[in-house]
Amino acid sequence: MSERSRITVTGGCHCGDVRYHARLDVPVQAHACNCSVCQATGFVGVIIPAADFTLDTSREALSEYRFNTGVARHWFCARCGVKSFYRPRSNPDGISLNLHCLALAADTDVEIIEFDGRNWERNAASLVHLSRKRG
């Protein structure tokens with residue numbers, strides 16, 4: 001098993017009003033979820049500890065959407081509508097970044113893992129460890 005390294009990446013929305021930077025483990029693990037929200041928005045999530053995320057623009061650039069339990073906080077750019085990150089219900093102590101919105105080097109090792117979000121209650125516990133700070 002290879003040792004994981006850390007990189008700092010930038011990300012954000014299409015128009016540039018929402019920008020952030022984050023620390024990620026490499027290889028990057030991203031989850032392709034089939035829940036209704038991820039399917040509709042094309043979101044492929046990279047869950048990280050909240051301490052590894054910095055929003056570089058004002059929260060005023062964001063529009064928020066909550067549904068069901070209201071725990072997950074889905075943030076969209078108020079101008080272009082892109083959802084580049086959100087606070088997931090499975091990891092309220094973390095942030096999920098949209099893989100498609102990250103400025104990754106072409107040679108960055110990325111592993112995409114299928115996640116059955118349609119059966120969220122049965123599968124969410126498998127994601128909880130992702131927002132824990134690496135020791």
Practice task
Can you see which heavy atom on A61 is nearest to which on V18, and at what distance?
Solution key: O-CG2, 4.0 Å
Handout entry: Test item: side-chain donor near acceptor, R19 and T57, under 3.5 Å
Key = no
Fill in the blank from the handout: Heavy-atom nearest pair, C15 first then C80, reads N-SG, 3.6 Å
Handout entry: Single-linkage hydrophobic cluster L97~V28, side-chain heavy atoms < 4.5 angstrom
Key = yes
Handout entry: Shared hydrophobic cluster for V9 and W75 (ILVMFWY, side-chain gaps under 4.5 Å)
Key = yes
Exercise for the section: Please indicate whether H14 has more than 12 foreign heavy atoms, meaning atoms of other residues, nucleotides or ligands, lying under 6.0 Å from its NE2. Expected result: no
Handout entry: Same cluster (ILVMFWY, side-chain, under 4.5 Å), V82 and Y65
Key = no
Practice task
Can you see which heavy atom on V46 is nearest to which on A30, and at what distance?
Solution key: CG2-CB, 3.8 Å
Practice task
Quick one: sort the Y20 and F85 rings into parallel, tilted or perpendicular, breaks at 30° and 60°.
Solution key: perpendicular
Handout entry: Aromatic ring pairing H74/Y86, orientation class (parallel under 30°, perpendicular over 60°, tilted between)
Key = parallel
Practice task
Indicate the atoms forming the closest heavy-atom contact of S131 with D93, along with that distance.
Solution key: OG-OD1, 2.5 Å
Exercise for the section: Mind listing the closest non-hydrogen atom pair of S90 and L127 along with its distance? Expected result: OG-CD1, 3.8 Å
Problem - Lys NZ or Arg CZ of R89 over W120 ring: under 6.0 Å, within 45° - result: yes
Problem - R118 versus N34, closest heavy-atom pair with distance - result: N-OD1, 2.9 Å
